Each structure stands twice: as structure tokens, then as C-alpha cells.
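Sequence positions, counted from 1, serve as the residue numbers for this chain. Given the structure is predicted, the values throughout are model-derived calculations rather than measurements. Just so it is clear, the values below take in all heavy atoms, side chains as well, and ignore hydrogens, waters and symmetry mates.
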Amino acid sequence: MIKKFLSLLLGQLGLNPLRSNVEPLIRQIAEQSLVEVCQVVEGRLAGMSVAEARGYVRARATQIVMHEARLAIAKSTDVEFSSMADIVRQSTERLIPQVIRKMQAAGQHAPRVAA
């Protein structure tokens, strides 16, 4: 119980020792999801504000990221499935700006800034 409390406390302070094991996995999941998410949102971000585009990408990316996270966690010896929700959330948040930048670079209209 004390170990779990300390882990929770360190996590809240941003000092979680397991964090270093998870960061590479989060990057890997985001990278592996990028192409498929871009294909799903291609041509759909035009005319959206930045906030709308972020929300749209987040909604479309979640299932793809979840699938990639399941595969990656199953192969990992350091990460447990109980942390999957947090890994999916962090991977998705890392992925969103990458998708928007890639869509902009591909010549699609940049999301408009909300008034």
C-alpha cells in the first residue's frame, strides 16, 4: 500500500520513475499511428478552427492509437495493461499536432484561428 501511495505521489509531482520506461513507448505508438490517422482526416480539416481540428483529430485518432497501444503493450515487458488508458491519452495528445502539421505541409488548408 505504501509503495502504491509513493508511486501515486511521485506521479503527481512528475517524478514517476516508470515514466522513463513509458516515454519511448508513447513516442512509438504516436509514430506508428501517424500515417493511418492522416489518411482518416485527410481533406476534413479545412475550414475548422484550431480547436475544432484538434478535437476532430483526437476523436478520429483514439481507436487507431488504442489498437497500436494494445500491440505495443503486449510486446513490452516493462508496461502493464493497467496503464493503457494513460498511454493512449498521452500518445494521442502527442500525435494531434503532428497530424495537423502534416496536413498543412501536404497543402491542405491550415485550420483557421477562432475569433
Side-chain angles (χ1 to χ4, degrees):
M1 181 160 161
I2 292 174
K3 186 175 179 181
K4 188 168 186 158
F5 175 74
L6 279 174
S7 177
L8 180 63
L9 180 62
L10 289 173
Q12 292 294 322
L13 296 174
L15 303 172
N16 191 344
L18 296 177
R19 187 85 184 131
S20 61
N21 294 339
V22 175
E23 273 301 316
L25 186 65
I26 290 169
R27 278 194 303 276
Q28 173 191 344
I29 293 166
E31 287 171 14
Q32 290 174 336
S33 303
L34 181 62
V35 172
E36 190 174 350
V37 174
C38 286
Q39 290 172 346
V40 169
V41 303
E42 187 175 7
R44 308 234 188 258
L45 303 182
M48 291 185 187
S49 69
V50 174
E52 289 171 324
R54 288 181 59 81
Y56 185 82
V57 171
R58 183 179 294 110
R60 298 294 172 241
T62 301
Q63 291 295 352
I64 296 165
V65 171
M66 196 174 300
H67 175 73
E68 292 295 336
R70 279 190 200 108
L71 295 175
I73 291 171
K75 293 177 186 174
S76 174
T77 58
D78 298 335
V79 182
E80 296 181 12
F81 274 101
S82 61
S83 59
M84 189 167 99
D86 189 43
I87 290 170
V88 167
R89 182 186 57 76
Q90 291 180 52
S91 299
T92 302
E93 291 304 315
R94 178 181 293 269
L95 179 64
I96 292 168
Q98 293 174 2
V99 171
I100 293 174
R101 278 193 304 270
K102 189 166 180 134
M103 292 294 98
Q104 289 172 338
Q108 295 198 10
H109 299 293
R112 63 177 171 78
V113 177

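The two residues I73 and V79 have their closest heavy-atom pair at CG2-O, 3.8 Å. The nearest pair of heavy atoms linking E52 to G47 is OE1-O, 4.2 Å. S91 and A30 get closest at one heavy-atom pair: O-CB, 3.8 Å. A pairwise comparison of heavy atoms in S33 and E68 identifies OG-CG, 3.4 Å as the closest pair.
Between atom CG of residue L95 and atom CD of residue E36 there is a gap of 10.5 Å, rounded to the nearest 0.5 Å. Distance CD1/I64 to SG/C38: 9.5 Å, rounded to 0.5 Å. Rounding to the nearest 0.5 angstrom, the gap separating the CE atom in M48 from the OH atom in Y56 is 5.5 Å.
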_Walk me through whether E23 and R94 qualify under side-chain contact (heavy atoms from CB on, under 4.5 Å)._
CA-CA 11 Å; E23 273 301 316; R94 178 181 293 269; 2.9 Å; yes
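When each of D86, D78, I87 is paired with V22, the side chain to side chain contact (heavy atoms under 4.5 Å, CB included) condition holds for I87 and for no other.
The list of salt bridge (Lys or Arg N to Asp or Glu O under 4.0 Å) pairs with a residue in residues 96-105, not counting sequence neighbours, is empty.
The side-chain contact (heavy atoms from CB on, under 4.5 Å) check on R54 picks up V50, R58, E93, I96, P97, I100, with sequence neighbours excluded. With sequence neighbours left out, Q28 forms a side-chain contact (heavy atoms from CB on, under 4.5 Å) with L25, Q32, A72.
Side-chain contact between L45 and V57: present, with at least one pair of heavy atoms (C-beta onward) separated by less than 4.5 Å. Between E31 and L34, the closest side-chain pair of non-hydrogen atoms is not below 4.5 Å.
Hydrophobic clustering (side-chain heavy atoms under 4.5 Å, transitive across Ile, Leu, Val, Met, Phe, Trp, Tyr) keeps V40 apart from V35. Taken together through direct or relayed side-chain contacts under 4.5 Å among Ile, Leu, Val, Met, Phe, Trp and Tyr, M66 and F81 form part of one hydrophobic cluster.
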